[in-house]
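First the structure, in the form of structure tokens, and then the observations on it.
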Amino acid sequence: MARRLRVGVVCGGRSGEHEVSVASARSVMAAMDRDKYEVVPIGITKEGCWITAADVVKALAAGQTENSQQVALLADPRRTGLVRLDDREGTAETSIEAGLDVVFPVLHGTFGEDGTVQGLLELAGIPYVGAGVLGSAVGMDKAVFKDVMQAHGLPIVDHVVIKRKEWDASPERIVEDVASSLGFPVFTKPANLGSSVGICKCQDRASLADGLAEAARYDRKLIVEAAVPAAREIEVSVLGNDDPIVSVPGEVVPSREFYSYEAKYLDEGDDASRLLIPAPISSTLTGLVRELAIKAYLAIDCSGMARADFLLSSETDELYVNELNTIPGFTSISMYPKLWEASGMTYRELIDRLIGLALERHRDRERCETAYQVAR
Ligand SMILES: Nc1ncnc2c1ncn2[C@@H]1O[C@H](COP(=O)(O)OP(=O)(O)O)[C@@H](O)[C@H]1O
Ligand SMILES: [Mg+2]
């Protein structure tokens with residue numbers, strides 16, 4: 001029998017989406033086929049400390065990580081195992097575990113979905129699931145993402161990007177400029193975040209000022225967008241490297257005025273937001289959503305997976321690319337795997353495909369020479 005692949009599943013992290021990541025990782029680890037994979041659970045605490053433990057999910061969820069084994073990864077492709085860090089009586093000892101064959105970062109938001117962990121894994125020479133450094137970073141930054149969409153002729157909402165420094169220096173002028181260029185209502189957002197943290201819908205100048213102040217708590221770059229009138233939220237799952245495939249689209253019906261943090265994670269039962277799969281939209285719109293999702297995916301040089309999110313105006317029928325989430329929510333009831341299930345791919349199969357894509361991408365990158373041979 002072939003040796004099982006050692007797969008590091010990383011969860012938690014220094015992000016406002018720490019808890020969501022832990023919930024996603026719990027589902028991923030529970031579904032992985034143990035005949036094929038040896039799962040190495042890896043947690044990152046909210047402080048950024050890396051640990052490993054048989055029940056890392058429990059340790060992180062309980063906030064009891066002091067007794068877990070502290071570990072690190074080296075930026076050295078010759079040693080791809082976790083380094084155990086032991087401090088005993090003032091002497092630091094290290095030992096290295098067996099190498100990891102692949103890592104599945106189940107991390108959402110900052111320091112995980114934004115290219116930082118991907119950079120570490122590149123340096124370590126370990127294949128990993130999902131987008132690379134560039135795709136992750138562009139997917140995370142709403143301002144740069146919109147620039148790339150625009151350059152590829154893909155439809156996006158009217159928006160303005162403001163540096164926090166400019167906002168701090170002249171708030172009144174910025175409120176006036178935005179009000180005259182975009183009108184109301186608008187959405188204010190930190191450029192790099194997720195789960196709707198720091199996002200406000202603003203109806204007038206006073207709430208715009210409050211919204212920008214709120215966004216400025218989280219990022220040095222702020223974005224204001226014209227609100228799509230009577231917006232419907234259509235999402236589709238993309239999977240693959242150079243030749244991605246796309247699922248049936250779904251629709252989110254938020255439990256609140258917009259799909260806020262509360263609507264995403266806190267409202268429960270009859271008050272919860274609903275997922276409609278497949279999305280009740282025309283076949284023409286379905287085709288357009290699928291086509292735009294692939295174009296957006298390739299435009300940011302994404303690989304592995306992404307959930308492409310669209311805003312559809314039920315007033316004007318206009319469709320806009322809102323964002324690509326390169327590590328979408330991954331619990332067994334999350335939109336990304338649900339859309340694949342509706343398209344004929346089980347949750348377990350999806351994990352197999354993602355790991356296969358990680359290995360394929362790594363092999364492809366290894367073909368590239370990193371030294372120039374001067375001809376003699
Ligand atoms: N321009 C917009 N028009 C209408 N609704 C919007 C707009 N931008 C954001 N929203 C609402 O806010 C939610 C969160 O915004 P989004 O850009 O998706 O941020 P996040 O990355 O935090 O998910 C969306 O799902 C939608 O409900
Ligand atoms: Mg979103």
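Just follow the structure's listing: the first ligand is 1, and inside any ligand the first atom is 1.
If you look at S260 next to ligand 1, there are no close heavy atoms at all, none under 4.0 Å. By the criterion of a heavy-atom distance under 4.0 Å, both the backbone and the side chain of Y259 are placed next to ligand 1. Within the 4.0 Å heavy-atom criterion, the part of A226 lying near ligand 1 is the backbone and not the side chain. Heavy atoms of K264 found under 4.0 angstrom from ligand 1 belong exclusively to the side chain. Contacts of L311 with ligand 1, taken as heavy-atom pairs under 4.0 Å, involve the side chain alone.
Close approach to E225 involves these atoms of ligand 1, each under 4.0 Å from a residue heavy atom: 1 (N), 2 (C), 7 (C), 8 (N).
Here the side chain of D271 pairs no donor or acceptor atom with the backbone of G269 at under 3.5 angstrom. A donor-acceptor pair is defined here as one N or O able to donate and one able to accept, closer than 3.5 Å; no such pair exists between the side chain of E176 and the backbone of R173. A donor-acceptor pair is defined here as one N or O able to donate and one able to accept, closer than 3.5 Å; such a pair exists between the side chain of D219 and the backbone of A191. When atom types are taken as modelled, the side chain of Y297 and the backbone of M305 share a donor-acceptor pair closer than 3.5 angstrom. No donor-acceptor distance shorter than 3.5 angstrom exists from the side chain of Q70 to the backbone of T52, with no hydrogens or angles considered. Without hydrogens or angle criteria, S15 side chain to H108 main chain gives a donor-acceptor distance under 3.5 Å.
Protein-derived N/O/S atoms nearer than 2.8 Å to the Mg ion (ligand 2) total 1, waters excluded.
Here D101 pairs with R3 in a salt bridge; the nearest charged N to carboxylate O distance falls below 4.0 Å. Look at R79 and D76 and you find a salt bridge, because one of the NZ, NE, NH1 or NH2 atoms lies within 4.0 Å of a carboxylate O, short of that distance. A salt bridge is absent between R353 and E349; no separation between the charged side-chain nitrogens and carboxylate oxygens falls under 4.0 Å.
F258 and V157 fall into different hydrophobic clusters, defined by Ile, Leu, Val, Met, Phe, Trp and Tyr side-chain heavy atoms under 4.5 Å apart, directly or through other members. Y336 and I277 sit in two unconnected hydrophobic clusters of ILVMFWY residues. Membership requires side-chain heavy atoms under 4.5 Å apart, directly or through other members.
What sits closest to atom 18 (O) of ligand 1 on the protein, heavy atoms only, is E323 OE2, 2.8 Å. Regarding atom 24 (C) of ligand 1, its nearest protein heavy-atom neighbour is E233 OE1, 3.5 Å. Among all protein heavy atoms, the one lying closest to atom 14 (C) of ligand 1 is S196 OG, 3.4 Å. Shortest contact from atom 12 (O) of ligand 1 to any protein heavy atom: F258 CD1, 3.2 Å. F187 CD1, 3.5 Å is the protein heavy atom nearest to atom 7 (C) of ligand 1. At the shortest separation from atom 8 (N) of ligand 1 among protein heavy atoms lies K189 NZ, 2.9 Å. Ranking protein heavy atoms by distance to atom 21 (O) of ligand 1, first place goes to K142 NZ, 2.5 Å. In terms of protein heavy-atom proximity, atom 15 (O) of ligand 1 is nearest to I199 CD1, 3.5 Å.
Listed by first and then second residue, the ring-ring contact (aromatic ring centres under 6.0 Å, His included) pairs that reach into residues 345-376 are F330-Y347, sequence neighbours excluded.
The shortest distance between side-chain heavy atoms of M32 and R348 does not fall below 4.5 Å.
Distances shorter than 4.0 angstrom occur between a heavy atom of S195 and an atom of ligand 1.
The shortest N/O to N/O separation between N322 and ligand 1 falls below 3.5 Å.
R14 forms a cation-pi arrangement with F111, by the criterion of a distance under 6.0 Å to the ring centre and an angle within 45° of the ring axis.
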